Participant: 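Mind having a look at this structure? Questions to follow.
The model shown is predicted, which means the values in this text are computed figures rather than measured ones. Just so we're on the same page: letters track the sequence lines, and every chain starts at 1.
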Amino acid sequence: MSSIKKLPFHLTNTLTRKKEEFVPLNPPHVGLYVCGPTVYSDVHLGNVRSFTTFDVLYRWLMHIGYKVRYVRNITDVGHLVDDIDAGEDKIAKRARLEQLEPMEIVQKYTNGFHDVMRLFNLRNPSIEPTATAHLIEQIQMVERIIANGYAYEANGSVYFDVPKFAAKYNYGELSGRKIDELLSNTRDTEGQEEKRSPLDFAIWKKAEAMHLMKWPSPWGEGFPGWHLECSVMSTKYLGQTFDIHGGGMDLKFPHHECEIAQSIAADGTTPVRYWMHGNMLTVNGRKMAKSEGNGFTPEELLTGNHKLLERGYSAMTVRFFMLQSHYASTLDFSNAAMQASEKGLEKMLAAVATLDKLKGGSGDVSPEVAALEQACYDAMNDDMNTPIMIAHLFDGVRTINSANPASSAGQAGKLALSGADVERLKTLFNAMLFEVLGLRKEEEVVGNSEALDGVMQLMIAMRAEAKATKNFALSDKIRDQLVALGITIKDTKDGTVWEHA
RNA sequence: GGUCGCGUGGCCGAGUGGCUAGGCACAGCUCUGCAAAAGCUGCUACUGCGGUUCGAAUCCGCACGCGACCUCCA
């Protein structure tokens, strides 16, 4: 039958700020690197949004036929807290607070991160490297950068020489910074006397005596710089130049800018061909962030136990909510928006259930169904436009419901779908909804045992008896009280069915 | 202060020059003992002021409002 056009895929390259056709370096293979979490505290919903964006990207690339190596790191060393704690490792600080070994903290929050990823149905990356497991490679990269003259040692630390690099290369290309402007905007450099320029950044940092996480190096005991691990691990597993690097918008500068500089300084190669940046999740217009204190954990989300939440929402509701906006737009969290998504997702999944029961008549795939299918692929291939794709699926929902003979509506069932149409729609909805968007049917909240279904069949039969004798008071009482228990009864043409509300 | 971006109907949120996005909410109708679900119909917006154009939410300028980054952050 009519074949769909699955390619080409276009994405917005934030390096060029243009939408470009995606052409892998070595098709059909694709190298994808995404900056993972720093495992020193719980991930919040804003983090989840970013990882979800790249989860869908990963899924989409595979769906359209690429073989993807997806690398997402775990940052378990190295980032500084703030001025007060200058020189002290973030993870070490937390360890002291909680009286735990640093690696215990790392393990704890890594486990927590994985739990969250499972909850939101994110696929595991191909490789999930940790910074602490790549210290040798990081030291080697520092050595290469020094050897090439773009870094210098000072008092046991090693700094990247930004002005020297910028003299020859385009430092600031990704984030649109200009070195003069950066210099004029520099804050006070207190405690940074070792740096030749305030723009220089540490690629190896000397550890103070009280520092808990430190390793020997040619420059003494210390730990790797903030941006080094991503350069090292992406190079190691994807090559000196690879296809796509993703991360949150807030990592663009300085993190990703420094990654580019490091790779060029160390190996002379531009590391990334396509940069992708996901936008922020906001709450009342402000970025959700640890420092803002406006984040909530997935656990709080599910239970609704947080001052921002009117009630709890399921992980799939949230996932659907996020995918109903474009990844490059900011997305504002609100209870009203969550409830709208909840209803929408229910409607979508109900249509999928209906679709499973449809038989369909004779005939070929209709042009309308073929067009719907193509529209979904086109939307996804246009910079991964999930909201448009979902809008098309909702058009499909109307088609499905209109073709449903079990519906009691007069006009329903009039729209004829062929058996081929039904099969095609099943394939499409399964692919888009579950495989690509990564949604899944919610597990039944209440234990859905055979016993419960038996009880329900009994209740339905008793209610049918009451209705048969026009005892509507009793039949309504049964239905209303079931509603109070979270069970909905629907009278359809094919009989009465029940479901969890 | 610098850089970048945003401002769409009751709410969320797509859309980059002309042709109804979609979801939620709301109203009417169909169906129905009543509901629920579903279908149909209605609600037709683009911060303000100029400009370009036959034509602008969409391009340009200015103003106002908001945000992100410039410091760890998805």
Participant: What integer distance in Å separates L482(A):CG from A36(B):P?
Facilitator: 16 Å
Participant: Could you write out RNA chain B as a dot-bracket string, with dots for unpaired bases, | for bases paired across to another strand, and Watson-Crick or G-U pairs counted at under 3.5 Å?
Facilitator: (((((((..(((.....[...))).(((((.......)))))....(((((..]....))))))))))))....
Participant: Mark up nucleotides 16-29 of chain B, 5' to 3', with B wherever a protein heavy atom is under 4.0 angstrom from a base atom, S wherever such an atom reaches only the sugar-phosphate, and - elsewhere.
Facilitator: -----BSBSS----
Participant: List in chain and number order the residues that pass side chain to side chain donor-acceptor pair (under 3.5 Å) with T16(A), two or more places apart in sequence or in another chain; answer none if no residue qualifies.
Facilitator: E20(A)
Participant: Could you pull out all donor-acceptor pairs under 3.5 Å where a side-chain atom in residues 380-390 of chain A meets a protein atom, sequence neighbours excluded?
Facilitator:
from    : atom 1 : to      : atom 2 : distance (Å)
N381(A) : OD1    : W60(A)  : NE1    : 3.1
N381(A) : ND2    : K6(A)   : O      : 2.8
N381(A) : ND2    : Y377(A) : O      : 3.3
D382(A) : OD1    : K19(A)  : NZ     : 2.8
D383(A) : OD1    : T12(A)  : N      : 2.9
D383(A) : OD1    : Y327(A) : OH     : 2.7
D383(A) : OD2    : T12(A)  : OG1    : 2.6
D383(A) : OD2    : H326(A) : NE2    : 3.4
N385(A) : OD1    : I388(A) : N      : 3.3
T386(A) : OG1    : L323(A) : O      : 2.7

Participant: What residues, two or more places apart in sequence or in another chain, satisfy side-chain contact (heavy atoms from CB on, under 4.5 Å) together with N121(A)?
Facilitator: R59(A), M316(A), R319(A), R440(A)
Participant: Produce the list of close N/O pairs, under 3.5 Å, pairing protein atoms with atoms of nucleotides 6-8 of chain B; give distances to one decimal.
Facilitator:
none

Participant: Nearest heavy atom decides the nucleotide; on that basis, is G278(A) or K178(A) closer to the 5' end of RNA chain B?
Facilitator: K178(A)
Participant: With sequence neighbours excluded, tell me which residues meet side-chain contact (heavy atoms from CB on, under 4.5 Å) with K287(A).
Facilitator: D250(A), M280(A), A289(A)
Participant: side-chain contact (heavy atoms from CB on, under 4.5 Å) with E368(A): which residues, sequence neighbours excluded?
Facilitator: S366(A)
Participant: Who passes ring-ring contact (aromatic ring centres under 6.0 Å, His included) against H392(A), sequence neighbours left out?
Facilitator: none
Participant: Looking at residues at least two apart in the chain, or sitting in another chain, which of them share a salt bridge (Lys or Arg N to Asp or Glu O under 4.0 Å) with R479(A)?
Facilitator: D476(A)
Participant: Distance check needed: U71(B) P versus E257(A) CD, whole Å only.
Facilitator: 13 Å
Participant: Under the side-chain contact (heavy atoms from CB on, under 4.5 Å) rule, collect the residues that match up with L61(A), sequence neighbours excluded.
Facilitator: F9(A), F22(A), V30(A), L57(A), Y66(A), V68(A), I244(A)
Participant: Can you name the residues that form a ring-ring contact (aromatic ring centres under 6.0 Å, His included) with F296(A), not counting sequence neighbours?
Facilitator: H306(A), F333(A)
